[in-house]
Chemist: 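Sharing a structure, written as structure tokens. Questions coming.
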Amino acid sequence: MRLKKILYILSLFLVVFLTLPACNNNQPDMDLDQLAALDTLPYAQAQQIQAYNTAAQTTQSSDNVGLYLKYIIIVVLLIAGLGVGIYFFNKVFPLGIYIKARIAGVKKIPPHQIISLSWKGVPVEKVLELMIRSHSAGVDLSLMEMGDAYLAEVDLEKVVEAIIEAKNANIEKITFDKLVKYHLAKVDLEHVMDALLMAKNAGIETNIDELSSLYLAGVDVVRVIKAKIAAKNSGYEVDLNDIVEHFLAGGNIEKTIEAYVAAKKADLKDFDFQDIANIDLAGYDVVETVNKAIIPTIVETDGVRGIARDGVELIMKVKVTLRAKIKNIIGAPEESTILARVNEGLATEIGLARSHYDILRSPYELADRVEQKKLDKDSAFEILSIDVSDIKVGKDVHAELEVERAKAEAERAKAELIKAEEKVKKAMAAAFLDGKITVEEYYKLQNIEADTEMRRNLSKVDDDQENDKMTDIESDNPEDDAQ
């Protein structure tokens with residue numbers, strides 16, 4: 001930079017030297033009349049005149065040498081001046097691009113400003129090219145403003161590109177100074193202008209000041225504008241501030257808009273954008289959750305066991321049709337809780353039935369009674385219907401209890417018999433000791449007891465055979481069994 005200034009000063013001095021007039025010869029020259037009169041003069045005077053001419057010729061010869069040196073110096077100065085001029089018009093004053101700019105109709109480019117900016121190190125040629133480009137787009141820029149912006153380390157190409165885009169899109173109130181200010185504030189002008197042009201084409205009211213402020217706040221303005229456009233194109237307006245707020249809260253604005261539009265198209269009631277946004281922020285898959293509110297979910301229970309009053313167990317499976325309630329999704333009981341309530345209601349209704357036959361005859365009446373209990377109150381889902389899908393008869397608990405009771409009675413009787421036999425044995429032993437009974441009498445009693453036991457066993461065998469015959473007869477008559 002310092003060398004450039006020195007060369008510029010030297011060029012000015014060379015121009016001054018080039019303008020100095022050449023030194024003229026001050027020696028008097030003899031004309032032809034004087035030479036012709038030499039023959040008429042006396043000899044002495046002729047000698048003097050001849051000596052004078054000789055001296056004059058010598059002086060003239062030396063003057064000619066000096067004149068040649070001056071010519072050489074002038075030629076050297078001309079060459080040096082030409083080099084300095086070339087350097088001046090190439091580096092200091094780009095004459096070619098200046099003429100091109102003037103031909104293109106660019107105004108506000110005084111030569112002294114060009115020299116001044118070149119002196120400061122501004123690439124004037126690049127600046128003039130940008131001015132020509134902007135002028136062709138209908139935007140006239142100031143040379144000094146652009147030079148000052150360059151010295152402030154502004155990317156002039158981005159700024160000029162942004163202002164040309166704004167001009168082509170008929171966006172007003174976007175000036176060079178404003179763009180420079182936002183660029184210096186670290187605003188990505190290309191990103192913001194993309195968002196602004198999309199908003200302009202979609203008919204969304206916004207401006208570069210608002211979008212630049214949002215960008216500086218950490219908002220991806222292109223994503224926000226795209227989300228706004230998606231909602232608008234679907235026929236449902238969403239306030240831009242709501243979308244920005246959801247973005248800053250860490251929400252997925254694309255999915256939230258998709259879910260919101262789907263809910264609106266399904267004509268769901270009693271919700272707004274904030275309700276959908278809260279579902280997304282709560283960690284749910286907002287699209288899937290809203291789809292559950294649009295398309296009901298059918299859930300089948302594993303099998304509810306209940307015992308009617310007649311002691312017969314029933315195993316019932318039902319299909320529960322659920323639909324999500326958008327406003328109650330966050331923090332409210334979910335599907336598992338609803339199904340537990342349904343199972344409890346089914347078991348209760350089975351237990352209230354007088355006979356399991358009543359339920360088998362009309363199981364859907366039982367399902368309707370459970371449905372009317374409003375088991376979905378304060379939950380995240382609404383029960384649309386409860387339908388019986390399967391019902392089976394399980395154990396006869398009353399009969400099993402009777403059998404167990406009979407077994408207990410038999411065991412108690414057996415115990416009493418054993419106790420009685422022990423008493424008999426003790427009595428027999430006492431009779432033997434007292435001599436009240438003989439051995440022969442004892443053996444007779446044993447024979448009578450064995451004969452009685454044999455008769456009892458034979459009678460039991462006959463009863464079993466009779467039961468088998470009756471069973472065979474029943475199997476041979478299936479029509480009677482059906483009746």
Side-chain angles (χ1 to χ4, degrees), residues 259 262-263 265-271 279 284-285 287-405 474-475 478-483:
K265 288 184 177 180
D267 199 22
L268 298 182
K269 307 297 183 182
D270 300 329
F271 79 97
I279 294 172
Y284 295 89
D285 187 326
V287 175
E288 181 180 345
T289 303
V290 170
N291 283 337
K292 288 183 178 180
I294 299 171
I295 304 173
T297 303
I298 299 176
V299 183
E300 186 175 19
T301 60
D302 294 333
V304 180
R305 295 176 180 270
I307 301 174
R309 289 183 180 181
D310 61 357
V312 178
E313 180 187 47
L314 292 178
I315 305 170
M316 181 180 291
K317 288 184 178 181
V318 295
K319 290 182 178 180
V320 184
T321 304
L322 302 173
R323 182 169 61 192
K325 295 185 287 188
I326 291 178
K327 280 189 172 292
N328 293 359
I329 286 176
I330 301 174
E334 299 187 1
E335 290 182 9
S336 58
T337 303
I338 300 296
L339 292 180
R341 292 178 182 179
V342 171
N343 290 341
E344 181 184 357
L346 289 172
T348 301
E349 289 297 325
I350 293 173
L352 294 175
R354 291 184 304 171
S355 171
H356 70 285
Y357 291 111
D358 296 338
I359 299 174
L360 292 175
R361 279 193 294 267
S362 56
Y364 295 103
E365 291 183 2
L366 182 144
D368 291 339
R369 289 196 298 271
V370 173
E371 185 178 336
Q372 292 171 3
K373 290 184 176 182
K374 303 297 181 182
L375 301 177
D376 55 2
K377 184 179 181 181
D378 298 328
S379 69
F381 291 86
E382 174 188 2
I383 297 177
L384 298 181
S385 65
I386 299 176
D387 303 301
V388 178
S389 59
D390 187 30
I391 185 169
K392 294 180 180 179
V393 178
K395 298 178 181 179
D396 188 339
V397 178
H398 181 71
E400 289 183 354
L401 290 175
E402 291 295 331
V403 171
E404 294 296 329
R405 188 179 294 110
E474 291 177 355
S475 61
E479 295 181 357
D480 297 339
D481 293 342
Q483 293 176 353

Chemist: Taking the side chain as every heavy atom from C-beta outward, state whether I383 and T321 have any atom pair closer than 4.5 Å.
Modeler: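 They are not in contact (no side-chain heavy atoms under 4.5 Å apart), so the answer is no.
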
Chemist: Taking all non-hydrogen atoms of both residues, which atom of A380 and which atom of A332 are closest, and how far apart?
Modeler: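 Residues A380 and A332, closest heavy atoms: N-CB, 3.6 Å.
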
Chemist: For R369, does the CZ atom have more than 12 heavy-atom neighbours from other residues, nucleotides or ligands under 6.0 Å away?
Modeler: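 Above 12, so yes.
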
Chemist: Which residues pass the salt bridge (Lys or Arg N to Asp or Glu O under 4.0 Å) test with R323, not counting sequence neighbours?
Modeler: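 Partners of R323 by the salt bridge (Lys or Arg N to Asp or Glu O under 4.0 Å) criterion, ordered by chain and then number, come out as E382.
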
Chemist: Taking all heavy atoms of K392 and all of D390, pick out the closest pair and write down the distance.
Modeler: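 Of all heavy-atom pairs spanning K392 and D390, the closest is CE-OD2, 3.5 Å.
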
Chemist: Could you check I307, D358, L366, V312 and say which one makes a side-chain contact (heavy atoms from CB on, under 4.5 Å) with I350?
Modeler: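 Answer to the side-chain contact (heavy atoms from CB on, under 4.5 Å) test with I350 among I307, D358, L366, V312: L366.
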
Chemist: Side-chain contact test, heavy atoms from C-beta onward, threshold under 4.5 Å: evaluate it for D270 versus K327 and give yes or no.
Modeler: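 In short, these two side chains touch, coming nearer than 4.5 Å.
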
Chemist: Any side-chain heavy atom of I359 within less than 4.5 Å of one from I391?
Modeler: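 I359 reaches I391 side chain to side chain.
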
Chemist: Measuring only between side-chain heavy atoms, which start at C-beta, is Y284 closer than 4.5 Å to I279?
Modeler: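 Side-chain contact under 4.5 Å: yes.
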
Chemist: Shortest non-hydrogen contact from I386 to E371?
Modeler: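 Heavy atoms only, the tightest pair is N-OE1, 3.4 Å.
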
Chemist: What I'd like to find out is whether the side chain of I338 reaches to under 4.5 Å of the side chain of L375, using heavy atoms alone.
Modeler: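 They are not in contact (no side-chain heavy atoms under 4.5 Å apart), so the answer is no.
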
Chemist: State plainly whether the residues K373 and E349 are in salt-bridge range, i.e. N to O under 4.0 Å.
Modeler: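 Yes, charged N to carboxylate O under 4.0 Å.
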
Chemist: Over all heavy atoms of both residues, which pair between A263 and F271 is shortest? Give the atoms and the distance, please.
Modeler: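 Shortest heavy-atom contact: CB-CZ, 3.3 Å.
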
Chemist: Check this for me, if you would: do E300 and K317 make a salt bridge, where the nitrogen-to-carboxylate-oxygen distance has to be below 4.0 angstrom?
Modeler: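 No, no charged N to carboxylate O under 4.0 Å.
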
Chemist: Which atom pair, heavy atoms only, marks the closest approach of R341 to K377?
Modeler: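 Result for this residue pair: NH1-O, 3.3 Å.
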
Chemist: What distance separates T297 OG1 from F381 CZ, expressed to the nearest 0.5 Å?
Modeler: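 Rounded to the nearest 0.5 Å, the OG1-CZ separation comes out at 6.5 Å.
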
Chemist: Tell me whether L384 at atom CG has more than 12 heavy atoms from other residues, nucleotides or ligands lying less than 6.0 Å away.
Modeler: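 Yes, because the 6.0 Å sphere around CG of L384 holds more than 12 heavy atoms from other groups.
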
Chemist: Decide side chain to side chain contact (heavy atoms under 4.5 Å, CB included) for L314 and R305; before the verdict, give the C-alpha distance in whole Å, the side-chain angles of both, and the deciding distance to 0.1 Å.
Modeler: CA-CA 6 Å; L314 292 178; R305 295 176 180 270; over 6 Å; no

Chemist: Would you give me the side-chain donor-acceptor pairs under 3.5 Å for residues 289-296, sequence neighbours excluded?
Modeler:
unit_1 : atom_1 : unit_2 : atom_2 : d
T289   : OG1    : D285   : O      : 2.9
N291   : ND2    : V287   : O      : 3.2

Chemist: Using a 4.5 Å cut-off on heavy atoms from C-beta on, say whether the side chain of D387 contacts that of V318.
Modeler: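 Not touching, per the 4.5 Å side-chain cut-off.
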
Chemist: Given side chains that start at C-beta, do those of I315 and V393 come closer than 4.5 Å, heavy atoms only?
Modeler: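 Of all side-chain heavy-atom pairs linking V393 with I315, none is under 4.5 Å.
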
Chemist: How many angstroms lie between atom CG of D376 and atom CG of L322, to the nearest 0.5 angstrom?
Modeler: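 One gets 8.5 Å once the value is rounded to the nearest 0.5 Å.
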
Chemist: Between R354 and D310, does a side chain to side chain contact (heavy atoms under 4.5 Å, CB included) hold up when you go through it step by step?
Modeler: CA-CA 6 Å; R354 291 184 304 171; D310 61 357; over 6 Å; no

Chemist: Within the distance-only criterion (no hydrogens, no angle test), does the side chain of S362 pair as donor or acceptor with the backbone N or O of Y364 below 3.5 angstrom?
Modeler: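 No.
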
Chemist: Is there a side-chain contact between K325 and S379 in this structure, where contact means two heavy atoms from C-beta onward sitting under 4.5 Å apart?
Modeler: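 Heavy-atom side-chain distance check passes, below 4.5 Å.
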
